[in-house]
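We count ligands from 1, going down the list as the structure has it; atoms in each ligand are counted the same way. Computed from a prediction, not measured in an experiment: that's the story for all the values here.
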Amino acid sequence: MNEDAEFVVENVKEHHRWFQSCLPMIASENLISPLAREMLITDFCDRYAEGHPGKRYYQGCIYVDRVELKCIELAKKLFRCSYADVRATSGTVANIGVFKALAKPGDRITALNTAEGAHISHAKFGGAGVRGLEVVNYPFDSKNMNIDVDETVKLINEIKPRIALFGQSVYLFPTPLKEIADAAHDAGSWVVYDGAHVLGLIAGGKFQDPLREGADVVTGSTHKTLPGPQGGIVLSDHKGETEEDKKFLKRLDSGIFPGVVSNHHLHHMAAKAVAFAEHIEYGKKYSEQIIRNAKALGQAMHELGFDVFCEHLGFTESHQIVVGVGEGKGRESAESLEKANIIVNMNMIPGDIKPMNPSGLRIGVQELTRIGMKEKEMKDVAGLFKNVLIDKAEPENVKKRVAELRRNFNNIHYCFKEGEAHKYYKIA
Ligand code: DSN
């Protein structure tokens with residue numbers, strides 16, 4: 001090993017050591033299971049397999065094909081649908097692939113504004129712009145942190161977007177999709193739902209069921225509330241029963257390959273398959289506990305004096321809560337928390353216009369839930385937030401209490417090989 005390689009290995013080790021005594025609460029992250037993690041270091045990570053099982057551009061795919069067919073089968077079972085493409089390498093890639101399939105440069109789409117919760121790939125400065133799409137934003141009801149249904153239906157009737165895009169990165173409550181999808185279809189729009197954040201909750205039957213509520217396509221990432229490897233997915237329940245519908249599915253397919261993916265990271269695909277199999281077994285229980293924990297954290301922080309959004313709605317129905325920390329104070333709050341080993345991200349909230357100086361924190365509990373924390377620990381976590389942000393305690397002191405709390409939570413739950421997480425926290 002030379003100095004450069006040593007530098008890398010040492011820093012990765014340090015990261016591992018650090019995160020073992022942190023409270024990781026970034027809402028878009030999670031821990032993959034020991035078994036899924038094993039898939040990432042197999043020979044699948046060295047190979048190519050463009051195309052579909054049985055119709056490859058490369059030889060050597062006998063076992064890759066078997067695993068990919070199983071992965072697709074498990075995805076369809078998990079999301080109760082007839083079409084699944086597991087090749088997208090991220091949620092953003094899935095979105096751009098679907099934009100390519102269903103819209104042309106210059107077309108208009110409707111989506112939320114990023115300050116009101118949309119993902120950057122929904123914006124003209126992100127993925128939508130990559131496809132040359134014009135984006136018109138939905139009217140947003142900031143009190144309820146959700147789309148304003150009546151005004152949105154009006155907007156869709158007027159704009160007639162090629163794609164009516166839904167789903168959020170700051171995502172507290174289900175989108176009123178049932179109430180909007182018919183109007184979008186009447187306006188000639190495809191209804192696309194980006195379920196990246198809540199995919200695991202959807203699969204667990206605990207958030208909403210977009211494919212039954214009018215979505216033609218669901219996109220998502222496979223590593224947030226669905227605790228798989230970093231990657232993307234495209235789902236649909238269109239069955240290709242008419243010539244037109246067959247064309248629709250063909251367009252979806254070629255939107256991903258050759259649209260946005262050449263080889264599709266086969267080791268991640270194998271890990272996705274394991275994660276899907278695990279979520280079929282444990283997803284319901286895991287999702288229930290995530291939501292209970294998020295509500296408990298919201299309640300506890302509210303009682304300690306924090307401005308937790310949407311008290312009147314029980315704070316959340318997802319894995320996240322949103323806390324207002326004062327105008328432009330999101331960055332310094334997140335940085336203070338990091339000094340105490342509490343890892344969250346600053347986030348824009350309605351009214352914010354500066355992404356690098358926002359006024360909110362978005363806090364996710366899916367990873368703490370994954371390592372076994374429950375409602376009782378959420379109260380402890382709320383107390384630690386108070387120590388840092390309200391009491392302004394010395395970060396070093398809070399860090400010790402964080403490490404103490406974390407000491408008993410170093411296993412990964414809701415998965416096969418539950419007891420083996422420790423192996424993967426250490427690099428020899
Ligand atoms: N930007 C990520 C988030 O929501 O944190 C998702 O890609």
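By the side chain to side chain donor-acceptor pair (under 3.5 Å) test, Glu377 is found to be paired with no residue, residues two or more places apart in sequence or in another chain being considered. In terms of the ring pair (Phe, Tyr, Trp, His ring centres under 6.0 Å) criterion, residue partners of Phe257 (sequence neighbours excluded) are, by chain and number, Tyr57. Annotation: ring pair (Phe, Tyr, Trp, His ring centres under 6.0 Å) contacts of Tyr138 (sequence neighbours excluded): Phe166.
Checking Val308, Ile349, Leu337 one by one against Leu361, the side-chain contact (heavy atoms from CB on, under 4.5 Å) holds for a single residue, Leu337.
Closer than 4.0 angstrom to ligand 1 lie heavy atoms from Ser28, His119, Ser169, His197, Lys224, Arg362.
The two residues Glu116 and Leu112 have their closest heavy-atom pair at O-CD1, 3.9 Å.
A tilted orientation is assigned to the rings of His267 and His265, their planes being inclined by 30° to 60°.
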